[in-house]
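These values consider heavy atoms only, across backbone and side chains, with no hydrogens, waters or symmetry-generated copies. Here is how names work: the chains are called A, B, and so on, in the same order as the sequence lines, proteins then strands, and each is numbered from 1. No experiment lies behind these values; they were computed from the predicted model shown.
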2 protein chains.
Amino acid sequence: MIELDDLDRQILRALVRDATQSASALGRRIGLSQPATWRRIKRLEEAGVIRGRQLRVNAEALGFGVTVFLGVKLATKGRVSLEDFERAVSAIPEVQTVEHVLGLYDYRLRIVARNLADFERVLRRRIMTLPGAGQVEANVLLSEERLAGPI
Amino acid sequence: MIELDDLDRQILRALVRDATQSASALGRRIGLSQPATWRRIKRLEEAGVIRGRQLRVNAEALGFGVTVFLGVKLATKGRVSLEDFERAVSAIPEVQTVEHVLGLYDYRLRIVARNLADFERVLRRRIMTLPGAGQVEANVLLSEERLAGPI
DNA sequence: TGTGAAAGCTGTTCCGG
DNA sequence: CCGGAACAGCTTTCACA
């Protein structure tokens, strides 16, 4: 855990929105020189606050128009079955995210498909045949907004 | 929608894992020159396949050890109440993502908090007082894996 | 901490196969 | 479509207030 000042917070918020902007452009906006901005970014990386930079891919542009969040309840859950389930679900190409959670469901999956018919195929032939998969609950994504969070 | 070849797919998969790597380093690994790799990335950006690059912030390193997914069912849902709800929920600092979904719930929120006691505070004083908020269902995140998806 | 300047790479754009 | 060469701009480092 590390303490941030206002400038650090401004830097993080700006880079969460767009990680391509240069340290000089960012520094100019927040009233800091280019090396000063760069050193702060480096410090945040070394402190583990910045985990990396990730490409945001637009699945729709590739023909995957449907995104579904799937809550999955396992029928049997020992340590082995958790690992088996995770390994098997990670091998499904349509699965974008695997979240192990506590609550009504054991896993939450983010799945993309070309359309709803394609999603039904994934659900029936890939998900429901997973080792240990029990009850599922689906939510179809309509729109999504990513915020900075409490930075 | 755009057709990708193997090289495009390799580029996307590599940049989803780490968007910091240079076109020359990436090109060397997939057997392409630096300008050729750069041109492909540029083409993917212009086609809208690449939406941008985002910083991945480690909330735990900032003292936010608890991540909760919250399904929210609205009590009343006209067009106005949807917009009111979205505006109000976007203003809560602890909310990282707002997903408008179809299914048992109307919205799915990704919320971070310092600990479970802090989450209870957010839930009682921020979420439950939202305009139109009805039934909620929480899932506490244990671990998460982000995959490339069907690229 | 902050600034300013210098060195090495990268992104970006040419042109020719 | 690719690769090679050139330039501007950036990242990265250093010295100093």
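The pair A/Arg108-B/Glu144 does not count as a salt bridge, with every side-chain nitrogen at least 4.0 angstrom from each carboxylate oxygen. Using a 4.0 Å cut-off between charged side-chain N and carboxylate O, A/Glu46 and A/Arg43 make no salt bridge.
When atom types are taken as modelled, the side chain of A/Thr76 and the backbone of A/Gly132 share no donor-acceptor pair closer than 3.5 angstrom. The backbone N or O of B/Leu74 lies less than 3.5 Å from a partner atom in the side chain of B/Asp106, making a donor-acceptor pair.
Rounded to whole Å, the distance from NZ on A/Lys42 to P on D/dT11 is 11 Å. D/dC2 atom P lies 9 Å from atom CG of B/Asp8, rounded to whole Å. In this structure, B/Glu46 places its CD atom 12 Å from C1' of C/dT12, rounding to the nearest Å. D/dG9 atom C1' lies 16 Å from atom CG of A/Leu26, rounded to whole Å. Here D/dC10 presents its C1' atom at 15 Å from CZ of B/Arg53, a figure rounded to the nearest Å. Across the protein-nucleic acid pair, A/Gln21 atom CD and D/dG9 atom P stand 18 Å apart, rounded to whole Å. Note: CZ (B/Arg28) to P (D/dG4) measures 13 Å, nearest angstrom. The separation between A/Arg43 atom CZ and C/dG2 atom P is 9 Å, rounded to whole Å.
Checking A/Leu32 against B/Ala23, the closest nucleotide of DNA chain C that is more toward the 5' end is the one next to A/Leu32.
Checking C/dT1, D/dT13, C/dT3 against every side-chain atom of A/Arg40, the shortest atom distance belongs to C/dT1. Each of C/dT12, D/dC10, D/dC2 was ranked by its minimum atom distance to the side chain of A/Ser22; first place goes to D/dC10. Comparing C/dT3, C/dG11, D/dC2 by their closest approach to the side chain of A/Ala36 singles out C/dT3.
Contact annotation for B/Ser33: base contact, defined as any heavy-atom pair under 4.0 Å involving a base atom.
Considering only side-chain N and O atoms, B/Gln34 lies nowhere under 4.0 angstrom from the phosphate OP1 or OP2 of D/dG3. For the pair B/Trp38 and C/dT12, the criterion of a side-chain N or O lying under 4.0 Å from OP1 or OP2 is met.
A cation-pi contact links B/Arg114 to B/Phe64, judged by a cut-off of 6.0 Å to the six-membered ring centre and 45° from its axis.
The CG atom of B/Asp18 sits 10.5 Å away from the CG atom of A/Leu55 when rounded to the nearest 0.5 Å.
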Do any N or O atoms of the protein come closer than 3.5 Å to N or O atoms of nucleotides 14-17 of chain C, and which pairs are they?
none

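Taking A/Arg40 as the reference, A/Asp5, A/Asp8 meet the salt bridge (Lys or Arg N to Asp or Glu O under 4.0 Å) condition, with sequence neighbours excluded.
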